[in-house]
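Atoms within each ligand, like the ligands themselves, are counted from 1 in listed order. Because the structure is a prediction, the values reported are computed rather than measured. Values reported hereafter were calculated over all heavy atoms of this structure, with side chains retained and with hydrogens, waters and symmetry mates removed.
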Amino acid sequence: MNKNRLSALPQIEVLVQNNIIEKYIQPLSRPLVTETARSVINKLRISILNDGIHVPPLDEIVNLLEHELSILEKNRLQRVINGTGVIVHTNMGRSPILHDVWREVESINCGYSSLELNLDTGKRGKRKGLIPKLLSTLLKCEDALVVNNNAAAVLLILETFARNKEVIVSRGEQVQIGGGFRIPEILEQSGARLVEVGTTNITKAEDYVRALSEDTAIILSVHRSNFAIRGFTSSPTLAELSDIKPEGVVLCVDQGSGVMDEDLPGETSVRTHLSDGADLVCFSGDKVFGGPQAGIIAGKREFIEKLEHHPLMRVFRPGKTVYSLLESILVKKMNGEQTAVTEKLGRTVEYMREIGETIIAGINPEDISIVESTYTTGGGTAPDESFPALSIRLNLKEQPHCILKRLRDAHPPIIGTISNDMVHLNLATINDTDTGHVRAELRKILEK
Ligand SMILES: *Cc1c(COP(=O)(O)O)cnc(C)c1O
């Protein structure tokens with residue numbers, strides 16, 4: 001009878017104590033390992049009762065369970081090595097944070113902090129520390145504000161100034177950025193009415209003038225973060241928009257990337273938008289700006305104050321981790337220090353060659369070699385630009401997608417790309433501290 005066979009199944013506790021399975025308790029927690037063991041045994045029980053299979057030997061059951069646990073472990077957030085050559089990669093946490101910055105804010109985060117405490121009066125203070133002062137000094141504007149991300153920044157601006165009113169946006173800027181952030185939809189969400197002007201390729205200042213009405217609350221200019229329009233195109237400058245803008249209308253730029261200086265082709269800096277007459281400019285904290293996930297809004301004080309007093313601000317406010325990281329990064333930036341992004345942007349091809357040669361030293365150049373390639377800034381910046389880089393190219397018999405998978409199975413995983421049917425690891429984004437690990441994994445692949 002099938003039922004009698006069930007008694008041969010191992011007990012959950014016995015499975016969890018197995019040396020192979022036990023190793024997963026630390027990364028996954030004992031309750032999750034136990035739960036997974038229970039579900040594996042349950043599935044077996046059903047197969048035994050329904051399909052009459054025999055109870056597999058213990059090591060087979062352990063293998064089954066380990067397979068499930070290893071899938072769960074892969075789902076845990078973990079460090080990866082970015083070999084894609086995309087510096088700000090949304091799938092890989094966008095901008096890294098420099099170790100120096102992280103260490104500096106550790107004690108603020110691991111202890112109590114003055115997040116909302118005025119140390120002068122001893123009373124409740126404002127949750128923003130020095131950030132508005134630092135940002136307004138850096139950006140030459142009156143005031144600034146931080147929320148959880150740039151999507152929240154855009155929504156807060158629309159909710160505050162444009163609910164039941166009109167927002168003018170060019171047809172060339174009705175964009176979708178990444179997963180699910182669509183300008184027309186976020187406008188609808190805020191209760192603002194979208195007034196489209198111009199065409200996909202050409203929008204003129206007169207188009208905006210014609211669209212103005214008593215109900216106009218905002219003229220919104222949105223950076224085309226992830227695509228470029230080339231050929232017969234034109235749109236008014238921000239200075240022109242500032243000229244035609246009537247009193248009481250807010251001229252707002254969703255700048256996106258947080259580029260501060262004019263050193264990236266295809267990008268206009270936050271500071272330039274502000275000096276050209278934008279009332280508010282918003283951008284992400286974790287793109288080229290080089291900080292943690294945040295949305296930063298900079299501009300005129302009268303508008304920033306209105307934003308601060310909107311009830312949604314309570315929903316969108318970040319916590320101490322974001323404030324402390326931003327504060328530290330801003331001070332360092334203003335003292336001329338690097339961020340993780342500027343460090344990578346400043347990387348020379350010679351430096352990439354050094355890293356590459358360390359990785360492939362002694363390996364047959366017919367199998368693995370260094371080739372010319374390009375890197376991109378990514379994360380909604382300079383969508384049409386790429387810059388010279390070097391890549392490690394694997395010229396092996398094994399299928400490229402199988403090699404990519406093996407590289408992803410490494411600890412920490414290594415993320416490469418396929419081009420011309422060969423796996424490439426771009427040296428613009430691989431750190432010199434990871435050369436040993438990458439080398440070891442490549443050797444393993446070669447040995448196979
Ligand atoms: C990236 C981006 C956003 C969304 O910012 P998040 O910080 O991801 O919320 C919005 N607008 C523009 C122009 C962007 O580039």
Applying side chain to side chain contact (heavy atoms under 4.5 Å, CB included) to Y323 and V146, what does each step give before you reach the verdict?
CA-CA 8 Å; Y323 276 111; V146 181; 4.2 Å; yes
Identity of the nearest option to atom 8 (O) of ligand 1, non-hydrogen atoms only, from R94, K287, Q293
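Minimum heavy-atom distance to atom 8 (O) of ligand 1 goes to R94.
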Flag for [Y]-[X]: side-chain donor and acceptor within less than 3.5 Å:
X: N109; Y: T321; result: yes
X: T84; Y: N82; result: yes
X: Q255; Y: T268; result: no
X: N395; Y: S369; result: no
X: E68; Y: T36; result: no

Go through ligand 1 atom by atom and flag the ones less than 4.0 Å from a non-hydrogen atom of [X].
X: G256; answer: 12 (C), 13 (C), 14 (C), 15 (O)
X: D254; answer: 10 (C), 11 (N), 12 (C), 13 (C)
X: S284; answer: 1 (C), 5 (O), 6 (P), 7 (O)
X: F181; answer: 10 (C), 11 (N)
X: A151; answer: 5 (O), 6 (P), 9 (O)

Residue and atom name of the nearest protein heavy atom (relative to atom 3 (C) of ligand 1), distance in Å to one decimal
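So the nearest neighbour among protein heavy atoms is N150 ND2, 3.5 Å.
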How far is atom 15 (O) of ligand 1 from the closest protein heavy atom, and which atom is that?
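It is S225 OG, 2.4 Å.
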Can a donor-acceptor pair be found, under 3.5 Å and without considering hydrogens, that links the side chain of N148 to the backbone of F316?
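Side chain of N148 to backbone of F316, a donor-acceptor pair under 3.5 Å: yes, one is there.
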Does an N or O from H223, backbone or side chain, lie closer than 3.5 Å to an N or O of ligand 1?
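No, H223 has no N/O under 3.5 Å of an N/O on ligand 1.
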